[in-house]
Amino acid sequence: MPSLSSGLLGDLDPTSDRAVFRQIADQLREAIDRGRFKEGEKLPSEAELVDHYGVSRMTVRNSFSVLQGEGLVHAEHGKGVFVRPRPPVRRLASDRFARRHREQGKSAFTVEAEAAGSHPQVDSLEVKEEKASQDVSARLGSVRRVLARRRRYLLDGRPVEFATSYLPLDIARGTPIAEPNPGPGGIYARLEELGHRLDHFEEEIRARMPSPGEVRTLRLASGVPVIHLIRTAYDSEGRAVEVCDTVMAADAYVLSYQLPAT
């Protein structure tokens, strides 16, 4: 970590109406944005910042809390406060569901993990038939019951998303899709083998703060939001064959899109 005496951080402005802890947070944020503190690097300790700014420990802790709330840093008990790594996975919408990946026996998550140089895992798998919610039923053409596939995705042992796929029973029941491991290429490869050639996908995306259950499932640090994505897959006949409800740790992904200029 660079020395505070090197001009890494500035001085407080005693004439400013901005609270002192927010001034300190502003300076630390600027230092992070400018790359003076790198990803994974430890920030100056409470004692160092108390000495540098001439403030109390509580003021410094409030400054750290601001940055944690913004998702810029995370605290490790007994070690200090560290700059949070940037999202490791680039989710390229125009490529992730390309047929060539399924033909190679790879799921979209596997392709993205390999591109990020990470090891993909899936756990917390549950497959069961259940009553469709009103929203899922409407998206799938008023079906009453669905096959639900729930799973959590991890990169290098870290949970990054969990998802539930809902499929009409007349398509999925009694097929490999209803098995815990649907086989190479995942459920989309199996859908196409069953005659449902995928034509297009529609996605709805919003960002929000996580529920307590989502914090536990994804092991989210304080201040980290989630990306909530609902995707509907359509076959070449225009039928909705799957709805996937996904919650992703926002600090794990960059969502990348290519849009035509028309």
*For the pair Glu48 (side chain) and Ser45 (backbone), establish whether a donor and an acceptor sit closer than 3.5 Å, ignoring hydrogens and angles.*
yes
*Yes or no on ring pair (Phe, Tyr, Trp, His ring centres under 6.0 Å) for Phe64 and Phe21, after CA distance, side-chain angles and deciding distance?*
CA-CA 9 Å; Phe64 283 153; Phe21 77 92; over 10 Å; no
*With a 4.5 Å limit on heavy-atom distance, are the side chains of Lys128 and Arg150 in contact?*
yes
*Got a second to check how far Ile230's CD1 is from Asp245's CG, nearest 0.5 Å?*
4.5 Å
*Do His119 and Leu155 have side chains that get closer than 4.5 Å, going by heavy atoms?*
no
*Arg29 side chain to Val66 main-chain N or O, any donor-acceptor pair under 3.5 Å?*
no
*Is the closest basic N to carboxylate O distance between Arg231 and Glu202 below 4.0 Å?*
no
_Side chain proximity check, Glu39 to Arg84, heavy atoms < 4.5 angstrom_ = no
*So, the side chain of Arg190 versus the backbone of Pro184: is there a donor-acceptor pair under 3.5 Å, distance only?*
yes
_Using a strict threshold of under 4.0 Å (side-chain N to carboxylate O), is an ion pair present between Arg139 and Asp135?_
yes
*How about Glu242 and Tyr188: does a side-chain donor come under 3.5 Å of a side-chain acceptor?*
yes
*Thinking salt bridges, do Arg18 and Asp13 make one under a 4.0 Å N-O criterion?*
no
*Heavy-atom donor-acceptor pair, Glu41 side chain to Val83 backbone, under 3.5 Å*: no
_Salt-bridge criterion met for Arg239 and Asp170 (N-O under 4.0 Å)_ = yes
_Do Phe37 and Lys42 make a side-chain contact, defined as non-hydrogen atoms from C-beta onward lying under 4.5 Å apart?_
no
*Are side-chain heavy atoms of Arg152 and Glu161 found at a separation under 4.5 Å?*
no
*Salt bridge or not for Arg151 and Glu126, using N-O below 4.0 Å?*
no
